[in-house]
Amino acid sequence: MPDNDLAPLPRDFYARPTLVVARDVLGKTLVHRSAEGLTAGIIVEAEAYVSAIDPAAHGYRGLTARVRSMFGPPGHAYVYRSHGIHFCLNLVTEREGEAAAVLLRALQPTEGIALMRARRGERIADRDLCRGPGRLCQALGVTLMHDGADLVTPDPGSLWVAQTPNFALETPIATSPRIGISRAADWLWRFYIPGNPYVSARPA
DNA sequence: CCGCGGATCTTCT
DNA sequence: GAAGATCCGCGGA
């Protein structure tokens, strides 16, 4: 796959309403290039978080050190540590100061599967390599080092989102409540590709 | 297959 | 002190 096909999406893609980005990012490819090699997968599940109106969003109660990147400009990464152990990757959306982002919850692995398995465990099935927000970060080698990283003009050896070559344009998209939250628990702000086996959970 | 607890860092009450 | 945008391994059905 030539690098031309993996060109980063422009900042305009991120500087839109978060619900639109969360839906539109399905079918795009997340890429991480590091010294270990290149890993990538098709985004099959994502959730929207909009601090201005959303009590489940990390920025809802204002700026803290952890959530600083979410308040920054669109087209950057917001990576946070979850439950002390795992990392979760968000794409910052809207405009600087809005603290809106899209959480990536699952990928269909396409490149660097052997490297993903080296990071995740040799016995992990393909289906489980990137199924879940913490798992996909582990599989791609995404850590707090990537918090705040620019996804549009990425440094060499970093992280971005690209158009997926030959991806079907008319892929169906489903919605459901977001996973694992207690506030705004009935909002249909989770988007996923129905029937795709790499999606982390089926709707309740 | 399902439910539960442990790991362990940030934020909130 | 407790909860949280999680995951894994264990025990029981």
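In the text below, chain A, chain B and the rest are named by the order of the sequence lines, each starting its count at 1. These numbers come from a predicted model, not from an experiment.
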- Query: Which is true for A:I181 with a 4.0 Å heavy-atom rule: it touches a base, it touches only sugar-phosphate, or it touches nothing?
  - Reply: sugar-phosphate
- Provide the start and end nucleotides, 5' to 3', of the part of DNA chain C that has atoms under 4.0 Å from heavy atoms of chain A. C:dG4 to C:dC8
- Query: What does A:R183 touch in the nucleic acid at a heavy-atom separation under 4.0 angstrom: a base, only the sugar-phosphate, or nothing?
  - Reply: nothing
- Do A:L26 and A:Y14 belong together in a cluster built from hydrophobic side chains that touch within less than 4.5 Å? yes
- Message: Whether A:R117 and A:D126 form a salt bridge (side-chain N of Lys/Arg under 4.0 Å from carboxylate O of Asp/Glu) is what I want to check.
- Response: yes
- Message: Pick the closest DNA chain C nucleotide for A:M70 and for A:I124 by heavy atoms, then say which residue is nearer the 5' end.
- Response: A:M70
- Query: At their closest point, which heavy atom of A:S51 faces which heavy atom of A:A99, and how far apart are they?
  - Reply: OG-O, 2.6 Å
- When rounded to the nearest Å, what value does the distance between C1' atoms of B:dG5 and C:dA2 take? 16 Å
- Within 6.0 Å of CZ in A:R68, more than 12 heavy atoms from elsewhere: no
- Message: Under 4.0 Å between a side-chain nitrogen and a carboxylate oxygen: does that hold for A:R11 and A:D150?
- Response: yes
Using the 3.5 Å cut-off, write out each protein N or O paired with an N or O of nucleotides 8-10 of chain B and the distance between them.
unit_1 : atom_1 : unit_2 : atom_2 : d
B:dT8  : O2     : A:H83  : O      : 2.7

- Task: Ignoring hydrogens and angles, state whether a donor on the side chain of A:R119 or A:Q138 is under 3.5 Å from an acceptor on the partner side chain.
- Result: no
- Task: Calculate, to the nearest 0.5 Å, the distance between atoms CZ and CH2 belonging to A:R33 and A:W160 respectively.
- Result: 4.0 Å
- All heavy atoms of A:T93 vs all of A:A101, minimum pair found to be OG1-N, 3.5 Å
- Pair assignment for C:dG4, Watson-Crick or G-U wobble, requiring both distances under 3.5 Å: B:dC9
